[in-house]
J.: 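Take this structure first; my questions come after.
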Amino acid sequence: MKLRNSMGGRLEEFEPLDPARVGIYVCGPTVYGDSHLGHAKSYVSFDVLVRYLRHTGFAVRYVQNITDVGHLSENSEFGEDKIQRQAALERVEPLELAERYTRSYFEDMDALGNLRPDISPRASGHIPEQIELVRTLLSRGHAYRSGGCVYYSVRSFPGYGKLSGRRLDELLAGARVEVQENKRDPLDFALWKKADGGHILKWRSPWGWGYPGWHLECSAMAMRYLGETIDVHGGGLENIFPHHECEVAQSEAATGKPFARFWLHNNMVTVDGRKMGKSLGNFVALKDIFARFDPAVVRLYILRSHYRSPLDFTEEGLRSARSAFERLSELRTRLARTAGEGAGSDAAADLAASLSRSFRERMDDDLDTPGALAAVFDFVRAANSMLDGGSGAGDASMLRDLIEDLCGGVLGIARRQDRDVLETGQEKLVEALSLARSALRGSRLFREADEIRRIVAEAGYSVRDLPDGTSLIKKS
RNA sequence: GGCGGCGUAGCCAAGUGGUAAGGCAGCGGAUUGCAAAUCCGUCAUUCAGCGGUUCGAAUCCGCUCGCCGCCUCCA
């Protein structure tokens, strides 16, 4: 499998350090608000990577942090902690707020079908590890104390800039580097900050009461759970600089070893061509989208574009994804109905082999999910044709197993509910209406039957008259 | 100002030297009591524009235009 490595920018054959095991670290959310589509794109992308690696036989340890401290609202000495600021607004404890939005985050990710990370470490729960890392950097001469804070000395690490392609003099030329009195160099960044009066989230350290700098947690937790050199480090494109650049500098200066072998970055979600972000006030909360679209549709929408391409959010795009999702779901339902005992034909085996091959080819090419989906939809047409032609139970079983494996197991776009079983009270009523309608049709009372179909459709169920009976399907 | 990316049909989107995948929408047909679903056919002589390299370019090079991201917290 080839992946585009942000470190160097080239497509490289992926091989983990340990041939059988892969360690992945992905920058998780700062939990001070509900998740939006941008989170969905990032975490769906990495979820598919993890699923695919497991599918191809690797044992994967997937670590994704939860940032609940140290993320300041501005890059200044006196910036407010985002968690603390929002906690004050909602009148709760900072960690209570973090817990609230951590749950909200997992609710949304579960709905999208993302597998839970194997470890979801909290920054606040890893203060000793972070302090230890600062001590190491101090002892190695890469950090210095000043005004109760500890800063990383960027010029002590020659590799600074190698990930983001920046050069120190160019950074200085930029107008927005703020000179701060405690720093020896404007480019230096805080490892540990002194807590002044208003800070609630603070810990005792060798340098007094304080709290960790934002970049520190990822280095400390990644190395704690995945070792000093990790196979894959992922995150959003906007984190390449400064966040990931600083992680590289901290970690490699501390260990003398490469920090991450593969850096993967997903592109942004835009709205009307503009980046979506909390600070821009144009973000689309997942809970709002889920009220109108099945989360599986949102997932398919995301996977229809490449992880490294920007995704422009549109209502029309979501509707298009919903149609495509329905088409796929139709086939899956059809296969499940037909599947049973019996030997499969050569034609079905050929079709399955063809999809397996092209799916793998596309996924092996830097996780080309749009290409993989194209292969899936080629398969959808061919499989429908076979079923139209009267393929038997054995063929259907074979095709079903494959599509469940790829779409369910790898892409995660399978809807979980069994759509032939209607369970809620409303659904029972709809089912009863449908039976009554069948009787009307039997009596050739089509006008009445059509009226029932129209009403049931308004309630969110599509009614179809098939040669062997009537099908009821809940719309997405 | 510096660094990086993008521009493929009405919309979305693969394809990085060999003659334009796929989805949605549309149109014609088969099927159907009518629909829906499904299938068949159709839908870019052309890949922002202009030059160049090549037997051959959407793919490589140069220039132009347009858009976006990062350089400050952000997935």
Side-chain angles (χ1 to χ4, degrees), chain A residues 6 9 11 26-30 33 35-46 71-76 79-80 82 161 164-167 169-178 214 234-243 265-270 273-280 283 300-301 304-306 308-312 314 316-328 330-331 333-334 358 362 365 368-378 380-385 387-389 441 444 446-447 449-450 453-454 457 462-467 470-471 473:
Chain A
S6 302
L11 211 54
V26 171
C27 283
T30 302
S35 304
H36 53 67
L37 245 193
H39 295 103
K41 176 168 167 69
S42 184
Y43 301 126
V44 165
S45 300
F46 290 111
H71 212 156
L72 301 187
S73 53
E74 298 117 42
N75 181 33
S76 84
E80 262 186 299
K82 285 182 173 180
S164 58
R166 284 177 168 75
R167 293 193 344 223
D169 50 328
E170 287 167 351
L171 284 169
L172 277 174
R176 294 198 275 182
V177 176
E178 205 177 313
W214 171 43
L237 202 62
E238 83 286 359
N239 279 329
I240 290 182
F241 191 90
H243 186 48
H265 290 98
N266 62 275
N267 216 312
M268 306 283 91
V269 173
T270 58
R274 294 273 161 192
K275 176 181 152 179
M276 177 170 76
K278 286 183 179 174
S279 51
L280 300 174
F283 67 91
L300 179 60
Y301 181 53
R304 289 207 308 169
S305 74
H306 190 92
R308 283 190 299 100
S309 299
L311 173 65
D312 193 46
T314 63
E316 190 188 358
L318 270 174
R319 278 198 294 266
S320 163
R322 176 162 59 192
S323 297
F325 179 71
E326 289 299 343
R327 179 166 160 78
L328 179 61
E330 290 289 347
L331 175 68
T333 303
R334 221 179 152 189
S358 45
R362 294 326 313 147
D365 182 11
D368 175 14
T369 56
L373 282 167
V376 166
F377 281 97
D378 274 336
V380 168
R381 191 195 312 101
N384 271 318
S385 273
L387 289 169
D388 284 353
R441 286 183 69 230
R444 303 193 64 79
F446 294 121
R447 188 201 295 250
D450 289 350
R453 180 169 63 195
R454 192 186 62 75
S462 69
V463 181
R464 292 180 197 148
D465 300 315
L466 308 172
T470 294
S471 122
I473 290 179

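In what follows, every heavy atom counts, from backbone to side chain, and hydrogens, waters and symmetry copies are set aside. Below, chains carry the letters A, B, ... as their sequence lines are ordered, and counting in each starts from 1.
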J.: Return the set of residues passing side chain to side chain contact (heavy atoms under 4.5 Å, CB included) with Asn239(A) (not counting sequence neighbours), or none when no residue passes.
T.: Trp214(A), His243(A), His244(A)
J.: Assign His243(A) to base, sugar-phosphate, or nothing according to its heavy-atom contacts below 4.0 angstrom with the strands shown.
T.: nothing
J.: Need one value for Tyr301(A): base, sugar-phosphate or nothing, where a base atom within 4.0 Å counts as base even if backbone is also close, heavy atoms only.
T.: nothing
J.: For A20(B), which nucleotide is its Watson-Crick or G-U wobble mate, given both distances must be under 3.5 Å?
T.: none
J.: May I ask you to verify if any side-chain N or O of Asn239(A) is less than 4.0 angstrom from the OP1 or OP2 atom of A75(B)?
T.: no
J.: Between the side chain of Ser320(A) and the main-chain N/O of Glu316(A), is any donor-acceptor distance below 3.5 Å?
T.: no
J.: Taking atom C1' in both A25(B) and A58(B), what distance in whole Å separates the two?
T.: 24 Å
J.: What is the separation between atom CG on Leu373(A) and atom C1' on C24(B), rounded to the nearest whole Å?
T.: 13 Å
J.: Using OP1 and OP2 only, check whether a side-chain N or O of Thr30(A) sits under 4.0 Å from A75(B).
T.: yes
J.: Under 4.0 Å, counting only non-hydrogen atoms across every strand here, what does Val376(A) touch: a base, just sugar-phosphate, or nothing?
T.: nothing
J.: Rounded to the nearest 0.5 Å, what separates atom CZ in Arg464(A) from atom CD in Glu330(A)?
T.: 3.5 Å
J.: When both hydrogen-bonding distances must be under 3.5 Å and the geometry is Watson-Crick or G-U wobble, what is G4(B) paired with, if anything?
T.: C68(B)
J.: If we call it a pair only when both distances are under 3.5 Å in a Watson-Crick or G-U wobble match, what pairs with A57(B)?
T.: none
J.: Between Arg381(A) and C39(B), is there a contact of a side-chain N or O with OP1 or OP2 at under 4.0 Å?
T.: no
J.: Of all residues at least two apart in sequence or in a different chain, which pass the side chain to side chain contact (heavy atoms under 4.5 Å, CB included) check with Ser309(A)?
T.: His306(A)
J.: Rounding to a whole Å, what distance do you find between Glu316(A):CD and G26(B):C1'?
T.: 13 Å
J.: Looking at the side chain of Arg327(A), which of A14(B), C70(B), U38(B) is the nearest nucleotide?
T.: U38(B)
J.: Classify the nucleic acid contact of Gly236(A) as base, sugar-phosphate or nothing, counting any heavy atom under 4.0 Å across all strands shown.
T.: sugar-phosphate
J.: Do Leu300(A) and Leu373(A) have side chains that get closer than 4.5 Å, going by heavy atoms?
T.: yes
J.: Expressed as a whole number of Å, how far does the C1' atom of G7(B) sit from that of G15(B)?
T.: 15 Å
J.: Ala374(A) has a side chain; which of A75(B), C39(B), A21(B) sits nearest to it?
T.: A21(B)
J.: Quick check on C67(B): is either OP1 or OP2 less than 4.0 Å from any side-chain nitrogen or oxygen of Arg274(A)?
T.: no
J.: Suppose you measure atom C1' in A75(B) against the same atom in U54(B); what distance do you get, rounded to whole Å?
T.: 43 Å
J.: By the 4.0 Å heavy-atom rule, please label Val26(A) as base, sugar-phosphate, or nothing.
T.: nothing
J.: Measuring to OP1 and OP2 of A25(B), would you say a side-chain N or O of Ser323(A) lies under 4.0 angstrom away?
T.: yes
J.: List for me each residue that meets salt bridge (charged side-chain N to carboxylate O under 4.0 Å, His left out) alongside Asp365(A), sequence neighbours excluded, and say none if there are none.
T.: Arg362(A)
J.: On RNA chain B, does the nearest nucleotide to Arg319(A) precede the nearest nucleotide to Arg464(A) from the 5' side, or the other way round? Give the residue.
T.: Arg319(A)
J.: What's the gap between C60(B) and C11(B) when it is taken at their P atoms, as a whole Å value?
T.: 24 Å
J.: Over how many whole Å does the gap from Arg304(A) atom CZ to G23(B) atom C1' extend?
T.: 5 Å
J.: Under a 3.5 Å cut-off for both distances, is G33(B) Watson-Crick or wobble paired, and to whom?
T.: none
J.: Check whether any side-chain N or O of Ser309(A) sits under 4.0 Å from OP1 or OP2 of A14(B), and answer yes or no.
T.: yes
J.: Distance between the P atoms of G41(B) and U46(B), in whole angstroms?
T.: 24 Å
J.: Starting at CE of Met268(A) and ending at C1' of C6(B), how long is that distance when rounded to a whole Å?
T.: 14 Å
J.: Under a 3.5 Å cut-off for both contacts, is G41(B) paired Watson-Crick or G-U wobble with anything, and if yes, with which nucleotide?
T.: C27(B)
J.: Just wondering, more than 12 heavy atoms not from Arg454(A) lying within 6.0 Å of its CZ?
T.: yes
J.: Taking any heavy-atom pair under 4.0 Å as a contact, classify Lys41(A): base, sugar-phosphate, or nothing.
T.: nothing
J.: Using atom CZ of Phe241(A) as one end and atom P of C70(B) as the other, report the distance to the nearest whole Å.
T.: 13 Å
J.: Generate the contact string for nucleotides 27-34 of chain B. Rules: B means base contact, S means sugar-phosphate contact only, - means no protein heavy atom under 4.0 Å.
T.: ------BB
J.: Counting any heavy atom closer than 4.0 Å, what does Gly389(A) reach on the DNA or RNA strands: base, sugar-phosphate only, or nothing?
T.: nothing
J.: Closest nucleotide of RNA chain B for Phe377(A) versus for Ser164(A): which of these residues is on the 5' side?
T.: Ser164(A)
J.: Tell which nucleotide pairs with A14(B), taking only Watson-Crick or G-U wobble pairs whose two distances are both under 3.5 angstrom.
T.: none
J.: If we take the C1' atom in both C65(B) and G49(B), what is their distance in whole Å?
T.: 7 Å
J.: Which residues pass the side chain to side chain contact (heavy atoms under 4.5 Å, CB included) test with Ala40(A), not counting sequence neighbours?
T.: Leu37(A), Leu112(A), Leu286(A), Ile302(A)
J.: Please state the P separation for the pair C24(B) and A36(B) - nearest whole angstrom.
T.: 15 Å
J.: Can you identify which nucleotide, out of U38(B), G2(B), A21(B), has its nearest atom closest to the Asp378(A) side chain?
T.: A21(B)
J.: Is the closest basic N to carboxylate O distance between Asp388(A) and Arg381(A) below 4.0 Å?
T.: no
J.: With sequence neighbours excluded, what pairs up with Thr30(A) under the side chain to side chain donor-acceptor pair (under 3.5 Å) test?
T.: His71(A)
J.: On a whole-Å scale, what distance lies between the C1' atoms belonging to C73(B) and A57(B)?
T.: 44 Å
